[in-house]
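Read the structure below first, then the notes.
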2 protein chains.
Amino acid sequence: MVCMRSDKRSVPLSDLTARARIRDAAIERFARDGFGAGLRTVAGDVGVSPALVLHHFGSKDRLRQACDEHVLAQIRTAKSESIVDAGTRSFLEHFATAERYSTILGYVLRSLLDGGPLARAFVQHMIDDAEQYVGAAVSAGLAVPSRDERARSRYLTLSALGAMMLSITLDPPEDLSNLTGFMRRFFAEITLPTLELYTEGFLTTRRMLDDYLLYVGDPPGENAAQHS
Amino acid sequence: MVCMRSDKRSVPLSDLTARARIRDAAIERFARDGFGAGLRTVAGDVGVSPALVLHHFGSKDRLRQACDEHVLAQIRTAKSESIVDAGTRSFLEHFATAERYSTILGYVLRSLLDGGPLARAFVQHMIDDAEQYVGAAVSAGLAVPSRDERARSRYLTLSALGAMMLSITLDPPEDLSNLTGFMRRFFAEITLPTLELYTEGFLTTRRMLDDYLLYVGDPPGENAAQHS
DNA sequence: ACGCCGGCTGAACGAGTGGTTAGCATGGTG
DNA sequence: CACCATGCTAACCACTCGTTCAGCCGGCGT
């Protein structure tokens, strides 16, 4: 009968730091090697025994839950402290290219590849954020309105995040210190095509769009009832 | 000293079909459960012993190599038999929504998530294909020319594939028979935003693009030397 | 009919996994 | 000083993994 972590007051400082050190090491290790990394590896990173990791977190799933929560909290603070300036993918680019978020970014990317609940929460977070920001841009006359704003925000977010993770999966940096540089290179590569596509479009004729709009009865937009 | 598979003439039919049956079962199992699936599971699917799998393929890595080669060959025939009609992502949509390719598509998606050599080959294949097709569209006056056609093709391909795999990762279908339906739903969801973005663009002003073009000396396009 | 031979298997191995437990050392407290 | 709680660990458990190997067994040639 091991003591459960029901109260943290009995071990005011050292236990918390040990927990935090193990959690941070787990985040880094998971970000580096994926969630298949063993508890022994994580324990070895902090220089403790594998049993201590289980002693603090109970199981590997709960360790990952703790990592997820901490990463999500870090993302929230990162978002609150990053004032969205001009540009569509401002928070994503800020978050992905900031050096101090490289570990968390790697963890998020692993989570996206794995498809856990953190991935869903993160993506939904980004979609909601994009919808709000795109709505503001439309209201300000900076962006073309869409017949289904929600679908567009979802599409833009999925495309941006998906391209990011696919690009990293195809050519993974060997360690996390190169991740920020990788992301900077990635954004540098996609900036021109993105801006071109966003301002000049891709097709020269409206035929395909009009055909589609004619083909479907009405687009499934709930906030754009009548159009065209 | 087991006999190596140096010659296949000694066992003209039954060995080949056994190999093929194991390989196909492995492709299906890998597509369903990912590459972490065990050899015992694959062997159980065909009703043979795990040792036979190793007997035929030598190791799990070589089994996966065989799967990769077969899938790539299937993709090549799928591509050759699918006449690219109108539309940008024609082959991708045809391949992803065709019922008979659902297993291969699932394998490819797993491979993209895993980042193996097949993933790189497949993506490069798609990028080259997109570049050729986009080039034809530009020549025909159907598409707006880009300052860096290669970068644009790469960006469009990474975005489309990435959105696809991210969407599937976030909400995975329980079995492969639902995968085709999932892909159809996915394409139905992204068609409107894609067509809108491709024909109407997203931004209303050229400011961001012009600022970027002014900021960088010249875009790294090798086939579009002088511009603007 | 006999022997060989090759496809195939059952059983095991060694490594590695998440998880459990008994116990050690240490430091604060009566 | 004695005691006890506590952070921590070594050892172990059951399990899965890829892989190996001795050998079965049925068909085929002689």
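As a basis for the values below, the full set of heavy atoms in this structure was taken, side chains included, without hydrogen atoms, waters or symmetry mates. Every chain is numbered from 1, with letters handed out A, B, ... down the list of sequences.
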Identify every side-chain donor-acceptor pair in residues 29-40 of chain B under 3.5 Å, counting partners at least two apart or on other chains, and give the distances.
from    : atom 1 : to      : atom 2 : distance (Å)
B:Arg29 : NE     : B:Asp45 : OD2    : 2.8
B:Arg29 : NH1    : B:Asp33 : OD2    : 2.7
B:Arg29 : NH2    : B:Asp45 : OD1    : 3.0
B:Arg29 : NH2    : B:Asp45 : OD2    : 3.3
B:Arg32 : NH2    : B:Glu28 : OE2    : 3.3

- Task: Could you state the atom-to-atom distance from NE2 of B:His55 to C1' of C:dA11 in whole Å?
- Result: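 Going from NE2 in B:His55 over to C1' in C:dA11 covers 18 Å.
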- ring-ring contact (aromatic ring centres under 6.0 Å, His included): pairs with one or both residues in residues 156-178 of chain B, sequence neighbours excluded: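 Found none.
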- Message: Looking at B:His56, I'd like to know whether one of its side-chain N or O atoms comes within less than 4.0 Å of OP1 or OP2 on C:dG7.
- Response: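 B:His56 to C:dG7 OP1/OP2: no side-chain N or O under 4.0 Å.
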Pairing residues for [X] by the side chain to side chain contact (heavy atoms under 4.5 Å, CB included) criterion, not counting sequence neighbours:
X	answer
B:Thr97	B:Glu93, B:Met183, B:Arg184, B:Phe187
A:Ser49	A:Ala51, A:Leu52
A:Ala188	none
A:Ser59	A:Asp61, A:Arg62

Give me, pair by pair, the N or O atoms of the protein and of nucleotides 24-28 of chain C that are less than 3.5 Å apart, along with how far apart they are.
none

- Partners of B:Gln65 by side-chain hydrogen bond (donor to acceptor under 3.5 Å, both in side chains), sequence neighbours excluded?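 Listed in chain order: nothing, the list is empty.
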Less than 3.5 Å apart, which donor and acceptor atoms pair up between the side chains of residues 159-173 of chain B and the rest of the protein, not counting sequence neighbours?
from     : atom 1 : to       : atom 2 : distance (Å)
B:Ser159 : OG     : B:Tyr155 : O      : 2.9
B:Thr169 : OG1    : B:Met165 : O      : 2.6

- Item | End axis versus end axis in the helix from C:dA1-D:dT30 to C:dG30-D:dC1, the angle rounded to 10°, five pairs used at each terminus |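 Terminal axis comparison yields 30°.
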- Query: With sequence neighbours excluded, what pairs up with A:Arg76 under the salt bridge (Lys or Arg N to Asp or Glu O under 4.0 Å) test?
  - Reply: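 None.
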- Task: Produce a footprint string for nucleotides 15-20 of chain D: one letter per nucleotide, 5' end first; B if the base is under 4.0 Å from any protein heavy atom, S if only the sugar-phosphate is, - if neither.
- Result: --BBBB
